[in-house]
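Here the structure comes first, spelled out in structure tokens, and everything after it is commentary.
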Amino acid sequence: MTATDGGTGKRPRSIWLAERPRPRRKADQPAGLDLDKIVAASVRLLDAEGLAKFSMRRLAAELGVTAMSVYWYVDTKDDLLELAVDAVAGELTVPDTSDDGADWRDQLRVLAVGYRDTLLRHPWAARLLGEFINVGPQASAFSNATVRVMHRTGLTPEQISGALAAVFHFVYGFSTVRALHEARCRAAGISLDDYFAQIAAVLSDRPELAEALELSDGTAYAGGGNALDTLDRDFTFALDLQIAGIEAMRDGGGA
């Protein structure tokens, strides 16, 4: 099915939906420059400085070329960002979905944990995943793997899309919030443990939040324990809940 843009019937603009002739190097083009190197440099720059500071001029300086040299390979900055986000999708772990003996639960965990880790390594990608249609080859390979694994759960075809949303929207949200916390800590020059401890100290003076703090007693959220251990534990348990929910729906435990 072809994606359309609202009610216009037009396909959304995407570098993956457009045909662009392969560039041929001119005599004045920098030797050794190619699209793969440009995309790799873009990912490095986005990791180091974030999406807000990314520009074609900054990228060109990083590559030691002129901005026009970069535009010889892509038409717009958005095209390059699409290429960059698909490049990091290539880091996602994809299990062998042809193995009929594999446990779908284990494979779903591999997919979910890989998705989380990739978003944490490249926090700028989260926003782009919401802005682009992500039909590049790497993103498509991951998407196809998630569908194949979900088909093996025993859910009906009508239930599968909702199950995929439950799992991967959860992973997206969890990872995005954690990445924002980590970015704030880096900007402030403090550890994640100190960040949670400071929040807990402020909230301890709010009697209306006493129940929430008591529930979090002994965890990083209440100023105790290790922040990363707490986050990993909560992620694992929440993912187990998603898997248990899939099993319950499959077995007729839900409407």
Side-chain angles (χ1 to χ4, degrees), residues 1-4 11-12 14-17 39 43 81-180 228-255:
M1 179 179 292
T2 302
T4 59
R11 298 202 308 177
S14 169
I15 195 171
W16 305 114
L17 302 178
V39 173
V43 172
L81 291 175
E82 276 196 272
L83 291 167
V85 79
D86 194 64
V88 301
E91 300 175 15
L92 292 163
T93 303
V94 178
D96 181 7
T97 55
S98 66
D99 182 1
D100 293 333
D103 190 319
W104 65 264
R105 301 163 191 81
D106 294 337
Q107 293 195 326
L108 190 58
R109 288 188 180 95
V110 167
L111 290 163
V113 169
Y115 189 42
R116 176 200 64 181
D117 292 347
T118 300
L119 288 175
L120 291 175
R121 282 194 303 272
H122 310 287
W124 52 269
R127 176 178 165 185
L128 298 182
L129 289 171
E131 292 185 356
F132 298 132
I133 61 173
N134 303 307
V135 291
Q138 306 294 348
S140 295
F142 181 78
S143 179
N144 289 336
T146 66
V147 172
R148 286 194 291 268
V149 169
M150 199 62 76
H151 270 294
R152 296 177 56 227
T153 65
L155 292 175
T156 67
E158 292 78 14
Q159 294 172 320
I160 285 176
S161 63
L164 286 169
V167 173
F168 290 98
H169 287 188
F170 145 68
V171 177
Y172 177 90
F174 188 101
S175 305
T176 301
V177 170
R178 174 172 162 178
L180 289 170
L228 292 180
D229 287 347
T230 297
L231 290 167
D232 286 344
R233 182 205 66 195
D234 285 356
F235 178 88
T236 299
F237 183 71
L239 181 57
D240 285 345
L241 285 179
Q242 303 291 323
I243 292 172
I246 290 171
E247 292 178 306
M249 295 298 292
R250 177 200 62 194
D251 297 336

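Here, residue 1 is the first one in the sequence, and each next residue gets the next number.
Heavy atoms only, all atoms of each residue included: M150 and A163 are closest at SD-CB, 3.8 Å. Taking each heavy atom of A87 and V39 in turn, the nearest pair found is CB-CG1, 3.8 Å. Pairing each heavy atom of A179 with each of L120, the nearest pair is N-CD2, 4.0 Å. Across every non-hydrogen atom of Q107 and V149, the tightest pair is OE1-CG2, 3.6 Å. When all heavy atoms are compared, the tightest approach of L17 to V135 is CD2-CG2, 4.4 Å. Considering every non-hydrogen atom in both Q242 and V167, the closest pair reads OE1-N, 3.9 Å.
In this structure, D99 CG and T97 OG1 are separated by 9.5 Å, a value rounded to the nearest 0.5 Å. One distance of note links CG of L241 with CD1 of I246; it measures 11.5 Å at 0.5 Å rounding. F168 contributes atom CZ, which lies 11.0 Å from atom OG of S175 (distance to the nearest 0.5 angstrom). The CG atom of L155 lies 9.5 Å from the CG atom of D251; values are rounded to the nearest 0.5 Å.
In this structure, a donor-acceptor pair under 3.5 Å is present between the side chains of R121 and T118.
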Item checked: side-chain contact (heavy atoms from CB on, under 4.5 Å) between T153 and L108, intermediate numbers included -> CA-CA 10 Å; T153 65; L108 190 58; 5.6 Å; no
Checklist line | Worked verdict on L111 versus T93 for side-chain contact (heavy atoms from CB on, under 4.5 Å) | finding: CA-CA 6 Å; L111 290 163; T93 303; over 6 Å; no
Checklist line | side-chain contact (heavy atoms from CB on, under 4.5 Å) between F174 and L119, worked out | finding: CA-CA 10 Å; F174 188 101; L119 288 175; over 6 Å; no
Check: Could you walk me through whether L239 and R109 pass the side-chain contact (heavy atoms from CB on, under 4.5 Å) check?
Finding: CA-CA 8 Å; L239 181 57; R109 288 188 180 95; 4.0 Å; yes
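Geometric assessment of R116 against the ring of F235 yields a positive cation-pi assignment under the 6.0 Å and 45° thresholds.
No salt bridge links D100 with R152; every basic N to acidic carboxylate O contact stays at or beyond 4.0 Å.
No option in D234, L228, D232 other than D234 meets the side chain to side chain contact (heavy atoms under 4.5 Å, CB included) test with T230.
Judged by distance alone, the side chain of D86 and the main-chain N or O of A139 form a donor-acceptor pair under 3.5 Å. For the pair E82 (side chain) and N134 (backbone), a donor-acceptor distance under 3.5 Å is absent. In this structure, Y115 contributes its side chain and Y172 its backbone to no donor-acceptor pair below 3.5 Å.
For residues 124-136, the set of pairs meeting the salt bridge (charged side-chain N to carboxylate O under 4.0 Å, His left out) definition, not counting sequence neighbours, comprises R127-E131.
Put simply, the side chain of F142 does not reach to within 4.5 Å of the side chain of V147, judged on heavy atoms.
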